[in-house]
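Numbering of residues begins at 1 and proceeds along the displayed sequence. Computed from a prediction, not measured in an experiment: that's the story for all the values here.
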Amino acid sequence: AHRARLERLKERYEQQTERYNLLRRDHRLALDRLEARLVELYETADTSELDVILQSNSLSDLIEQIDYFHTIGDADKQLADHLQLLSNQMRVARMITAATKSDVADATAVLARETERQRAARDALVVRQNALAAARSNQRSLLASVRSARQKDEEDLAQMQAASAV
């Protein structure tokens, strides 16, 4: 039961680590995009609202320019929001992975204690079995000695009886 739990925890830890690595990769890509956008903003001329009005040839051109800037602003906000979401997901994934890693360590410790307990019980059983085998051997040796002494005593008795019958 402990080994199965440990295997499940290890599998979950590997999955969470894989998810975290994917989030890190996505975060890096979003950060690269944001950096590229910031460089682009820095390198392009700063266009003010007055510049847009003055450069417009017509009202529809002005509206198109304003829509274009709003679209770029919305895309920039989406990029920043996506980066924030990925950062939050990475933080949560790190916490979950750390908790799972702690669970794996706890389960490993429980399994190690259980293994040690079983090893100690097995060693104690081996000691008892060896003691019983030694006691059995001593009893057999003692029984053989008693039988030999009895046989010798019976032979001596038979000889004494034969000698006294004569």
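Between atom CG of residue Asp156 and atom CD of residue Gln161 there is a gap of 11.5 Å, rounded to the nearest 0.5 Å. To the nearest 0.5 Å, the span separating OG on Ser148 from CG on Asp153 amounts to 9.0 Å. A distance of 12.5 Å separates CG of Asp26 from CG of Leu31, quoted to the nearest 0.5 Å. Rounded to the nearest 0.5 angstrom, Glu64 CD and Ser58 OG are separated by 7.5 Å. For the atom pair CG (Asp106) and NZ (Lys101), the distance works out to 12.5 Å, reported to the nearest 0.5 Å.
Evaluation of the side chain to side chain contact (heavy atoms under 4.5 Å, CB included) rule for Thr115 yields Arg3, Leu111, Arg119 as partners, not counting sequence neighbours.
Remark: side-chain polar atoms of Ser164 are paired, donor with acceptor, to backbone N or O of Met160 under 3.5 angstrom. Checked by atom type and distance alone, the side chain of Thr71 pairs as donor or acceptor with a backbone atom of Asp67 at under 3.5 Å. For the pair Ser87 (side chain) and Leu83 (backbone), a donor-acceptor distance under 3.5 Å is present.
Within 6.0 Å of CD on Glu18 lie no more than 12 heavy atoms contributed by other residues, nucleotides or ligands. When the shell of 6.0 Å around CD of Gln151 is examined, it contains 12 or fewer heavy atoms from other residues, nucleotides or ligands.
Nearest heavy-atom pair across Asn57 and Asp61 is N-OD2, 3.2 Å. Of all non-hydrogen atoms in Asp76 and Arg37, the two that sit nearest each other are OD1-NE, 2.6 Å. Of all heavy-atom pairs between Leu79 and Ala30, the closest is CD1-O, 4.0 Å.
With Asp81 as the fixed residue, the side chain to side chain donor-acceptor pair (under 3.5 Å) test singles out one of Gln78, Gln84, Lys77: Lys77.
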### Task
Carefully, step by step, assess Arg117 and Glu114 under the rule side-chain contact (heavy atoms from CB on, under 4.5 Å).
CA-CA 5 Å; Arg117 186 190 65 74; Glu114 183 64 22; 2.5 Å; yes
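The closest side-chain heavy-atom distance from His27 to Leu23 is not below 4.5 Å.
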Anything under 3.5 Å between a donor and an acceptor, one on a side chain of residues 9-17, the other on a protein residue two or more places apart or in another chain? List them.
unit_1	atom_1	unit_2	atom_2	d
Gln16	OE1	Thr100	OG1	2.5
Gln16	NE2	Thr100	OG1	3.3
Thr17	OG1	Tyr13	O	2.8

For a quick test of your reading: what N or O donor-acceptor pairs under 3.5 Å do the side chains of residues 89-99 make, sequence neighbours left out?
unit_1	atom_1	unit_2	atom_2	d
Arg94	NH1	Tyr20	OH	3.3
Thr97	OG1	Ala93	O	2.7

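Linking ILVMFWY residues whenever their side-chain heavy atoms come closer than 4.5 Å, directly or via other members, leaves Leu34 and Val39 in distinct clusters.
With respect to Glu155 and Lys152, no salt bridge is recorded, no charged nitrogen being found less than 4.0 Å from a carboxylate O. Remark: Glu116 does not engage Arg113 in a salt bridge, criterion side-chain N to carboxylate O under 4.0 Å.
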